[in-house]
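Below is one structure, written out as structure tokens; the observations come after it.
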Amino acid sequence: MMNFRAAGLTKTLLFSVLSIGFGSSFLYGFNIGVINTPQTVMGQWIRDIECRRTSIERSPRAATTTTTSIPVLHGNSTGNATAESANIWCRQLNEKQRQRMFKRNPKLNAIWTAVASVFCVGGLLGSLISNPIVRKFGRKGTLLLNNGTGIIAAILLATPYFLDSFELLMIGRFVAGLNGGITSAVAPLYMTEIPPMKLRGALGGFHQFFIVFAILIAQVLGHPALLGTPTRWPYLFGFGLIPCIFQLLTLPFCPESPKHLYLGRDKEAKAAKALKHLRGSQSFQTEMEEMRETKEDTQNDKRHYSILDLFRDPFLRQVTFIAMIMTASGHASGHGTVIYYSTSVFKSAGMSSGMAVYATIGMGALYAVSTFITAALVEKAGRRHLMLIGLGGMCILTALLSVFMVLYEKSHATPDDVKDAENSPLGDWTPYASVACIYLHTVIYSIGPGTIPAFLVSEMFTQGPRGAATSISLATNWLTNLLVVLAFPLIQAQIEGYTFIIFAVLLAFYFVYTYWKIPETRGKETEQILDELRKIVGVNKVDRA
């Protein structure tokens, strides 16, 4: 068991990690998971808006018509089309119909897909602009400024209900994505740069832990017994104000990253002061000397790199491609579809609406616990080993999930099939097998692709190119996320359970790629890691620009 105090954990270091963790990482995770559990009630809210708008199009007087008294027009094609539109949006739905309302209403499904995916568009933009902002304001300053986008997003997301505008909800999701894109690029850098080497893995992993813990909190608060109701869901989105206020009150008392101050800005005195603040009474001179040696080793490097600079350098170009591919693995694994659409995935696997909500919350709890355990293990087990375990295990589980979902679909194709399944000796077992696969998939994901890529990106680059490399890697991650979120509901509508076979093939590719291209980085200085990478990509040190 690690002695955290002896390893260098001080009150200031812990306070700084918690400030970034709850103020930035938590808000990022909360905005990822917040739309999941209340999906049905928000879908009904969108239907009500379209119903009222359809009524207004038919006649000014109909604007006050309730959803239970929409008259049907006859007599011409325009009237019939309007009546059909009113029927789609305005007729009351029972429980079973509400479960299928997104599949039965293409426009509603498109609107909800836009609400989910526009978050990724904002994230893509946020990750791309993070590098120049960090260069100007530093790690700490950028995160402080980013609270502005967090506050704006929370306000925009909480007000659409009162203004009858799902378009405003989309704008709010975009701004929330912008906040998340900046956070995903800057928070891991700060949390891996401020701890001593012995704690780099454990404390750096808390970025991912706070994300998944926030997803769990969002799912719990979004339960129909709490804030996931037709009238209380705006307050669920308004909860995002709390992390912003917390960070505005705490982050000003945290030091800037000493590595950023010295290696990035050449401010040795300020770096020494920040490092002394983080280490307390413990000696910090050894770390300062190590940074001086690192600075001498990289004195020929540029202090600041743009994304284009990475691709001009033969060696950095190769390492950047590795970082981009590994960072994209998290969403290419298909786990993002489970996070964004977990409730609907559980329903597709055969669960009732109520049970699907509880299964989603259970998945979030398991995700948080397994991520916490991974953060504690990452310094012992090693990054590369955990990544291989995660990718291999997810490949097998994803293939099994596809098999079980296809078996469920075939056994419920007709009423006679349902009756035969219920009367079989094993009963209707496929939903339970699917849920077990999703739960195990979540655990394995947290061991590998959910946690490890953030470490690899920060550890495979020196201080100069690290910010630009993180920015382009996360932009690739957000782009992958966007493509998966947009494509998943469309592909699933066509090939249903077979969709997850696509993710299984991608995971097999990532497993082979990781085995051949990724070195172990645990307990190694950056220059040691770079030497191994030079051997892997076949670029000598003298070839560096």
Euclidean distance, N31 CG relative to F119 CZ, rounded to 0.5 Å:
5.5 Å
Heavy atoms, side chains only, cut-off 4.5 Å: are P449 and M387 in contact?
yes
Any side-chain heavy atom of Y445 within less than 4.5 Å of one from S333?
yes
Polar contact flag, side-chain donor to acceptor under 3.5 angstrom, Q208-Y367:
yes
Whether T398 side chain and F500 backbone form a donor-acceptor pair below 3.5 Å
no
Any chance the side chains of N146 and T149 put a donor and an acceptor closer than 3.5 Å?
yes
C244 and L27, any side-chain heavy atoms less than 4.5 Å apart
yes
Within-4.5 Å side-chain heavy-atom neighbours: P196 and L13:
yes
For the aromatic rings, using the six-membered ring if either is Trp, is the centroid distance between F206 and F209 under 6.0 Å?
yes
Straight-line distance of L227 CG to R232 CZ, nearest 0.5 Å
6.5 Å
Report the distance from atom OG1 of T476 to atom CG of N481, rounding to the nearest 0.5 Å.
12.5 Å
Are K524 and E459 ion-paired here, with the side-chain N under 4.0 Å from a carboxylate O?
no
Residue pair N105 / W89, side-chain heavy-atom distance below 4.5 Å:
yes
When you check the side-chain N and O atoms of H223 and Y358, is any donor under 3.5 Å from an acceptor?
yes
So for atom CZ, which belongs to F213, do other residues, nucleotides or ligands contribute more than 12 heavy atoms lying within a distance under 6.0 Å?
no
Got I111 and M170 here, is their nearest side-chain heavy-atom distance under 4.5 Å?
yes
To the nearest 0.5 Å, atom CD of Q92 lies from atom CD of Q97 at 10.0 Å
Y510 ring center within less than 6.0 Å of W516 ring center
no
Once rounded to the nearest 0.5 Å, what's the spacing between atom NE2 of H207 and atom OH of Y190?
14.5 Å
Can you measure from CG (L178) to OG1 (T183) and round to the nearest 0.5 angstrom?
9.5 Å
Given side chains that start at C-beta, do those of M326 and Y513 come closer than 4.5 Å, heavy atoms only?
yes
Using the ring centroid of each side chain, check whether F246 and F22 are separated by less than 6.0 Å.
yes
The single option from F239, Y235, W233 that satisfies ring pair (Phe, Tyr, Trp, His ring centres under 6.0 Å) with F237 is W233
